[in-house]
Amino acid sequence: MSLPTHPDLAPITRHLRAMYSSRLLIAAVHHLYVFEELATSPLSIEDLQTRLGLKERPAMVLFPALCAMGMLAFNRANQLQLTDLGTCLTYRANPNLAAYVGLEKSDPAVLEMVERLKNDGPLKTPTGIAYIKEGEGPSPMDDPETSRSLTLALAGRAQLLAPIVAHKLPRHNGHLLDIAGGSGFFTYEWLLANPEATATVLDRPQVLTVAAECLDTFSRSNRSGADTVPGRVTLLPGDMLTDELPEANLILAASLFHDWPTETCRLLAQRFANTLKPGGELWVHDAFLNDALDGPQAVTDYSAQLFWVTKGRAYSRREYRQWFTEAGLVATTENISTQLDYGLIRALKP
């Protein structure tokens, strides 16, 4: 399968997400006083988190971002300390830029970020956080207009990445389960590359309405074999958190875990492990933090955006591999890059 050629589009998404990290920096200097806390001595992540009154998720969004910016760093004792750059954000430094950064400290978006950091999300969520289901209530993605808008917005990214991901996933004649598959483009491209295989795209019913339209367009694209794809894919409405999942040889979780907090990610890893056939593989396509939790900045920017619009954040490969192991899977060590600062990792079911 030949891959389409196109320019690297990562700068577009990086510029888009940078505004969220700017809010983090201003909040850290003028509302949480991170730099003043560290001005006297280094602190462990846990101690700094406690002093700032932060829960795990906002701490793991904020601290890696400040490290990626070059403001904080880990010492040999794995404590966070100020860098020379970070020291210039304390008032005791002469000269310093603390007051200059404070010019934006009353910006409404900064104040909203402060609220979210202190409360692990917005205080008022009458209709859920962005597009993520809240408890037993209805999913925002069950609203036809909301679902259509988001699914189509994400479809362009999926169309860009899907051929690359399909090229790097295993060649297989079995069944692929694409969970929260959205427009379905990852599945359609994989089926095109695996003409004997079948697949299921699982998502909310309103999302699958858009997926069906994308499938129809894909099947009429005049690409060799595209017309066979509709007969080999099932669009299955369901809730990945509660409904029974169909057995599969391969599971693809693309841009999925990052929408959820750690405890939900552990639950999902176990559910996916349970539905894999022996010898099956779980593949995750996402943007990953460094295992040291100190960057890269493109991913910490993305993590800040995810923190703003979902219940989740970006996670490190080490965190994913821990969930895989807890679920009884065997995590591999491959780190496979794709594009837009994304990559692939996988785990095997014995």
Side-chain angles (χ1 to χ4, degrees), residues 13 16-34 37 45 48-66 68-69 101-102 104-151 153-154 180 182 204 206-207 239-242 255-268 286-287 289 293 299-315 319:
T13 54
L16 173 68
R17 295 161 179 164
M19 66 177 179
Y20 295 96
S21 284
S22 294
R23 297 169 190 169
L24 285 180
L25 177 60
I26 300 166
V29 176
H30 283 282
H31 296 276
L32 298 176
Y33 309 107
V34 172
E37 287 286 354
I45 286 180
L48 182 58
Q49 181 181 331
T50 299
R51 290 198 186 191
L52 299 178
L54 298 180
K55 294 183 179 179
E56 185 268 349
R57 185 174 75 117
M60 290 301 98
V61 169
L62 180 61
F63 301 156
L66 296 177
M69 295 177 200
V101 172
E104 304 295 334
K105 66 182 180 181
S106 297
D107 179 85
V110 171
L111 297 178
E112 177 69 15
M113 179 63 85
V114 173
E115 177 185 297
R116 290 170 185 245
L117 288 167
K118 289 182 176 180
N119 297 285
D120 194 12
L123 285 175
K124 298 179 180 178
T125 56
T127 58
I129 301 173
Y131 304 100
I132 308 304
K133 188 175 185 295
E134 285 283 351
E136 298 300 321
S139 169
M141 296 303 284
D142 290 335
D143 175 74
E145 185 176 344
T146 299
S147 176
R148 185 173 190 82
S149 175
L150 179 64
T151 306
L154 298 179
R204 309 298 295 186
Q206 293 297 333
V207 175
D239 186 334
M240 66 180 179
L241 294 170
T242 57
S255 297
L256 185 162
F257 283 93
H258 68 211
D259 285 343
W260 301 95
T262 302
E263 58 270 22
T264 305
C265 292
R266 287 195 171 96
L267 169 66
L268 289 172
D286 220 310
L289 291 173
L293 301 178
V299 181
T300 59
D301 287 352
Y302 190 25
S303 190
Q305 181 187 32
L306 292 166
F307 175 71
W308 187 271
V309 301
T310 76
K311 296 180 181 180
R313 62 174 176 88
Y315 296 98
E319 289 172 292

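Fair warning: this is a prediction, and the values are worked out from it, not measured in the lab.
- Applying the side-chain hydrogen bond (donor to acceptor under 3.5 Å, both in side chains) definition to pairs two or more places apart or across chains, those involving residues 16-26 are Arg17-Gln305, Ser21-Asp301.
- The OG1 atom of Thr264 sits 10.5 Å away from the CZ atom of Phe257 when rounded to the nearest 0.5 Å.
- Counting all heavy atoms, side chain and backbone alike, Leu24 lies closest to Ala65 at CD1-CB, 3.8 Å.
- Remark: Thr50 engages no residue in a side-chain contact (heavy atoms from CB on, under 4.5 Å) (not counting sequence neighbours).
- Across Cys265 and Trp260, no two heavy atoms sit closer than the pair SG-O, 3.5 Å.
- Between Ile45 atom CD1 and Leu54 atom CG the span is 12.0 Å, to the nearest 0.5 Å.
- Between Met240 and Leu256 there is a side-chain heavy-atom pair separated by less than 4.5 Å.
- Taking every heavy atom of both residues into account, Ala314 and Ser303 meet most closely at N-OG, 3.0 Å.
- Remark: Asp143 engages Thr146 in a side chain to side chain donor-acceptor pair (under 3.5 Å) (not counting sequence neighbours).
- Between Pro58 and Gln49 there is no side-chain heavy-atom pair separated by less than 4.5 Å.
- Counting heavy atoms from C-beta on, the side chains of Arg148 and Val207 never come closer than 4.5 Å.
- Residues passing the side-chain contact (heavy atoms from CB on, under 4.5 Å) test with Leu267, sequence neighbours excluded: Leu241, Arg271.
- Under the salt bridge (charged side-chain N to carboxylate O under 4.0 Å, His left out) criterion, Glu56 pairs with Arg313, not counting sequence neighbours.
- From Arg57, atom CZ reaches atom CG of Leu117 across 9.5 Å, with rounding to the nearest 0.5 Å.
- Rounded to the nearest 0.5 Å, atoms CZ (Arg116) and CZ (Phe307) are 7.5 Å apart.
- Minimum interatomic distance between Trp308 and Ala109 (heavy atoms only, all atoms of both residues): CH2-O, 3.6 Å.
- Without hydrogens or angle criteria, His31 side chain to Lys105 main chain gives a donor-acceptor distance under 3.5 Å.
- Put simply, the side chain of Leu293 reaches to within 4.5 Å of the side chain of Glu319, judged on heavy atoms.
- Rounded to the nearest 0.5 Å, atoms NE2 (His258) and CG (Asp286) are 5.0 Å apart.
- To the nearest 0.5 Å, the span separating CG on Leu62 from OG1 on Thr300 amounts to 10.5 Å.
- When the shell of 6.0 Å around CD of Glu263 is examined, it contains more than 12 heavy atoms from other residues, nucleotides or ligands.
- Scanning both residues, Thr310 and Asp259, for their nearest heavy atoms gives CG2-OD1, 3.4 Å.
- Here Pro144 pairs with Gln206 under the side-chain contact (heavy atoms from CB on, under 4.5 Å) rule; sequence neighbours left out.
- Counting all heavy atoms, side chain and backbone alike, Leu66 lies closest to Ala28 at CD1-CB, 4.0 Å.
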